[in-house]
Amino acid sequence: MSFWQITLELLGGFGLTCLLFLLTLILAIPLGLGISFCTMSSFKPLKAVSKIFVWLIRGIPLMLLIFMIYYLPGLLGLGSLNIFNQLDRYFTSLAGSSEMLYHGRFIAVLIAFVINYSCYFSEIFRGGIESISRGQYEAGQVLGMTKGQIFRKIVLKQVIKCILPPMSNEIITLVKDTALANAIAIPEIIQRAELMASGQAIIWPIFYTAVFYLLFVGGLTILLGRAEKKLSYFKA
Amino acid sequence: MFLEVKNLTKSFGETQVLQGINFGLEKGQVLSIIGSSGSGKTTLLRCINALETADGGEIYVDGNKIFDAAEQKNKKSKTKNILNFGFVFQSFNLFPQYTALENITLAPSLKIREAYKQKSITKDEMKEKLAEIENNALSLLAKVGLSEKKNSYPCQLSGGQQQRVSIARALALSPDVLCFDEPTSALDPEITGEVLKIIKSLAAENMTMIIVTHEMAFARDVSDKIIFMDGGVISAEGSPAELFAQRENRRLQAFLSSFYDMAK
C-alpha cells in the first residue's frame, strides 16, 4: 500500500471519528443542559434521581458503558439476537453491500457517548449557572424582566464565558475518546491502522494516526481560543 | 399618603426579621432607614420591592393595593409591584456584558420589543420608541455625569461610576419610588460623595425615595423623614431634627453615638 492509499484508508476511519464527535456534541449539549436543570431543581425527587444518574454514568468507564448499551437490549430479552447487529444486517441488505455495515453498532456507541458526555456537560453547566451571582437575577427582576428574558439576555452569555475553558477540555477529550468505538469493532481510524499492522505487517500507520488527531485538536484549540477571546471584553 | 406600608411581617425560619412595620411616605419625600446590621432595614426594602415576599401585611401606592400577603398566590400583584419601584443595589449589579448605555436601555427596549411581538404596536412605532429610549438613556447618563462613558463596559468603570450607571438604569423605567440599598457601602470613602451628590440632586427634583444607609450626615441632610429600625421594629421615626433629638430612646442614642465615636 502506498502512503496515499494508507492516508485515504485512515481518513475514512477518521471521518467516522468526526461524525461521532459532531453528533455527540449536537445531542449531548442540549441533553446536558436539561440534566443540569434537573440537578438544580427544587423538586427533591427529580434532583435526587438526576444526581444519582450523573454519579452512575460518571462512575462507569465509557468503554464499559458502550458494552452495556450494546448488550443490554439483548439481556432484557428484546429479541434473541443483538438488536444493534440486526440493524447492521438490515442496513447491509438495504444497501446490497458485500461487506457488513456498522450503522447499528454506530448507534450503540453514539448512545453511550451522548449519555456519558451529557452527564459531564451537565456538571459543567451547573457550575457555570451557579457561579452567576443572585444579584444579576435580582437586577433583572427589579427592572421588570421575565425569567426567560433574564436567562437569555443576562445570564446565558456570562455562563458561556464561564464554562468555555472547562468545555474546551471536555470537547478535546471527546475527540480522543472516539477511539473507544473500537471496542465493538467499529472501523474507526485506530482499528484500521491496527488491521494494517496485523494483516500487512506495517506498523507506522498506527503512529501516523496521531497526526490526524493532532491536526483536528489543533483546529479545535484555535476555534475555542477565538471564542474565548471574543468573550474577553467583559468580566463576569 | 402616596406610599403606605401596613403591618409588614417577615420571618426567615425561626427568626422574625420584620415584626409588623407601618409607615407612610408623601410624594416627593425622601425617607432614610437607619439601624444596625440585622435590624431588618434591608429586608424591609427588599419586601417592598418584591425581592422577598413578606409573610403578612399590605403595601399601597397612590391608593392602589400593590401587595397583599393574603393574596400572594396571585402573581399579577408581583409584577405590578415591580413597575412602581426602582431599586439600586449595594453591589451595583450592572450587567457585565453590556455597555453603560446598553445597561440602561436593556429592560425598556425588551418591553417595547415584546409589545411588537404581541402585535400591540407596529414596526415603525417600535423603532420610534427604541430611539426614544436611547435618547432618554443618553440624557440620564448626562444627568449622572457619565456621557463620555456610554460605550464603556462595567469592568472599565470605577465603583462610583458603576453605581451612577445603576442609578440611571433604575431611573430609565421612571419609577414612582426609587429605593437605595446602602448605595455607598461598597465604595471607597473618597468616592461615596459622587454618588450621594446624585441622590441629593434627585431629591431636589422631588423624586420620591427610600434610602437604606449608614451615612448619618447624608441622611440628616437629604431626608424629610428618618426611620430607625431595631430588632425588626421601627424604634423611632420623624424628621431628622426630631429623630436626632430623641434623647430618651437609648437604643437610638447608642446607635448614633457609635457613629460619633468613629468620627472621633
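Sequence lines set the chain letters: A, B, ... in the order given, protein chains first and strands last, and positions in each chain run from 1.
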Donor-acceptor pair, side chain of Q141(A) and main chain of A50(B), under 3.5 angstrom: yes
Over 12 non-hydrogen atoms of neighbours within 6.0 angstrom of CD in E128(B): no
Within 6.0 angstrom of K51(A) NZ, more than 12 heavy atoms from elsewhere: yes
Can you find a pair of side-chain heavy atoms, one from [X] and one from [Y], that are under 4.5 Å apart?
X: Q97(B); Y: Y233(A); answer: yes
X: M145(A); Y: K111(B); answer: no
X: P96(B); Y: Q136(A); answer: yes

Atom group of F89(B) that falls short of 4.5 Å from chain A, counting heavy atoms: side chain
Segment of Y98(B) engaging chain A (4.5 angstrom heavy-atom cut-off): side chain
Toward chain B, the part of R134(A) with a non-hydrogen atom under 4.5 Å: side chain
Which atoms of Q149(A) approach chain B - backbone, side chain, both or neither, heavy atom under 4.5 Å: side chain
Chain B interface, residue from K161(A), Q158(A), K157(A) that has the most non-hydrogen pairs under 4.5 Å: Q158(A)
Worked verdict on L106(B) versus I154(A) for side chain to side chain contact (heavy atoms under 4.5 Å, CB included): CA-CA 10 Å; L106(B) 180 67; I154(A) 302 174; 4.2 Å; yes
Candidate pair L143(A) and F95(B), rule side chain to side chain contact (heavy atoms under 4.5 Å, CB included), full reasoning: CA-CA 12 Å; L143(A) 291 168; F95(B) 307 129; 3.9 Å; yes
Residue, of R169(B), E114(B), Q90(B), that accumulates the most heavy atom pairs under 4.5 Å with chain A: R169(B)
